[in-house]
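Working notes, beginning with the structure itself.
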Amino acid sequence: MQGVAEAIRFHGNRLKLAVLQHISMKDKYLWSNLFTRFESAISTPTLPHRGLENTTIAQLLKAKGEDEAGAVYWCNTTDTVYDAVKNMTQHNIGALVVVKPGDEKLLAGIITERDYLNKIIVQGRSSKATRVGEIMTEENKLIAVSSDANILQAMQLMTDKHIRHVPVIDHKVVGMISIVDVVRAVLEQQHQEVKRLNEFIRGDYY
């Protein structure tokens with residue numbers, strides 16, 4: 001049985017290494033630490049086992065419950081940074097979609113926890129006296145993915161651009177994914193692959 005357990009652990013680690021091979025050397029330490037951090041937190045998988053290259057962002061959003069209309073958290077360009085950060089804290093998220101004032105809610109950009117730290121805290125500015133539109137990443141500078149992109153593509157994009165949050169845009173904003181979402185998806189696929197191997201070894205497959 002010890003040999004069986006070793007084989008299962010080896011296969012799980014091999015999947016993780018295969019993912020890390022898509023990442024440049026300088027970023028492998030970050031992703032490896034994230035895998036370790038969230039590995040113990042995975043309990044009930046929310047994504048069916050398809051393999052990372054066949055798991056789309058749309059499926060990830062559905063697993064998060066963000067495929068329904070209105071599920072995207074947002075703020076206005078005219079809101080104070082204080083209110084935006086309060087919104088993030090209340091919903092335990094690290095970024096908000098920013099829309100222009102008006103009923104149409106046209107996309108203006110995004111604001112992230114990094115914007116708050118770099119442009120408010122570090123510069124000694126007042127979050128209550130600063131508007132979101134003053135520090136957000138504007139629409140023409142946004143780095144986004146479409147819902148039909150796969151997990152590996154999103155992972156590579158975050159690594160190459162050194163970003164933690166990516167809006168999902170299909171003509172309009174349909175969701176937001178974070179580095180945590182991607183790591184969780186990778187680990188879920190790994191755990192389900194190990195489970196399948198375990199079932200195979202026990203003879204559950206005929």
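Note: hydrogens, waters and symmetry copies are ignored here, and every other heavy atom, side chains too, is used. Note that the coordinates shown come from a computational prediction; the quantities given were computed from them, not determined experimentally.
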Considering non-hydrogen atoms only, spot the tightest contact between [X] and [Y] and give its length.
{"X": "Ala144", "Y": "Ile169", "result": "CB-CD1, 3.8 Å"}
{"X": "Ala108", "Y": "Lys100", "result": "CB-CG, 3.7 Å"}
{"X": "Ser127", "Y": "Thr80", "result": "O-CB, 3.7 Å"}
{"X": "Cys75", "Y": "Ala84", "result": "SG-CB, 4.3 Å"}

Side-chain ([X]) to main-chain ([Y]) donor-acceptor, under 3.5 angstrom:
{"X": "Asp115", "Y": "Thr112", "result": "yes"}
{"X": "His91", "Y": "Asn87", "result": "yes"}
{"X": "Asp79", "Y": "Val132", "result": "no"}
{"X": "Asn150", "Y": "Leu152", "result": "yes"}
{"X": "Gln59", "Y": "Thr56", "result": "yes"}

Inset, instruction - Kindly check if the number of other-residue, nucleotide or ligand heavy atoms within 6.0 Å of CZ (Arg164) is above 12? - result: no
Inset, instruction - Mark yes when over 12 heavy atoms from residues, nucleotides or ligands other than Asn92 sit less than 6.0 Å from its CG; otherwise mark no. - result: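 At most 12 heavy atoms, drawn from other residues, nucleotides or ligands, come within 6.0 Å of this atom.
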Legend entry - Test log, rule side-chain hydrogen bond (donor to acceptor under 3.5 Å, both in side chains), inputs Asp170 and Ser146: CA-CA 6 Å; Asp170 294 335; Ser146 62; 4.7 Å; no
Roughly how far, to the nearest 0.5 Å, is the [atom2] atom of [Y] from the [atom1] atom of [X]?
{"X": "His162", "Y": "Asp160", "atom1": "NE2", "atom2": "CG", "value": "7.5 Å"}
{"X": "Ile120", "Y": "Ser126", "atom1": "CD1", "atom2": "OG", "value": "7.5 Å"}
{"X": "Ser178", "Y": "Ile163", "atom1": "OG", "atom2": "CD1", "value": "11.5 Å"}
{"X": "Met158", "Y": "Ile179", "atom1": "CE", "atom2": "CD1", "value": "6.5 Å"}

Legend entry - Flag for Asn76-Thr78: side-chain donor and acceptor within less than 3.5 Å: no
Kindly indicate whether the side chain of [X], heavy atoms from C-beta on, has any atom under 4.5 Å from the side chain of [Y].
{"X": "Val72", "Y": "Val168", "answer": "no"}
{"X": "Leu96", "Y": "Tyr73", "answer": "yes"}
{"X": "Met136", "Y": "Ile110", "answer": "no"}
{"X": "Val99", "Y": "Thr77", "answer": "no"}
{"X": "Ile151", "Y": "Val182", "answer": "yes"}
{"X": "Ile111", "Y": "Ile135", "answer": "yes"}
{"X": "Met176", "Y": "Val166", "answer": "no"}
{"X": "Leu61", "Y": "Val174", "answer": "yes"}

Inset, instruction - Please assess Arg184 against Val180 for the test side chain to side chain contact (heavy atoms under 4.5 Å, CB included), listing each intermediate value before the final yes or no. - result: CA-CA 6 Å; Arg184 185 175 287 117; Val180 173; 3.7 Å; yes
Group every Ile, Leu, Val, Met, Phe, Trp and Tyr by side-chain heavy-atom contacts under 4.5 Å, then state whether [X] and [Y] land in the same group.
{"X": "Val97", "Y": "Tyr82", "result": "no"}
{"X": "Val81", "Y": "Ile121", "result": "yes"}
{"X": "Val145", "Y": "Ile143", "result": "yes"}

Inset, instruction - Answer yes when Asp181 and Lys64 have at least one side-chain N-carboxylate O distance shorter than 4.0 Å, and no when they do not. - result: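 Result for this pair is yes, salt bridge flagged.
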Legend entry - Glu134 bridged to Lys119 by N-O distance under 4.0 Å: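 A salt bridge is absent here (no side-chain N lies under 4.0 Å from a carboxylate O).
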Inset, instruction - Take Leu142 and Leu107 through the side chain to side chain contact (heavy atoms under 4.5 Å, CB included) test and state the conclusion after the steps. - result: CA-CA 11 Å; Leu142 276 183; Leu107 178 65; 3.9 Å; yes
Inset, instruction - Apply the test side chain to side chain contact (heavy atoms under 4.5 Å, CB included) to residues Glu113 and His165: give CA-CA distance (whole Å), side-chain angles for both, the deciding distance (0.1 Å), then the verdict. - result: CA-CA 10 Å; Glu113 54 197 0; His165 302 90; 3.7 Å; yes
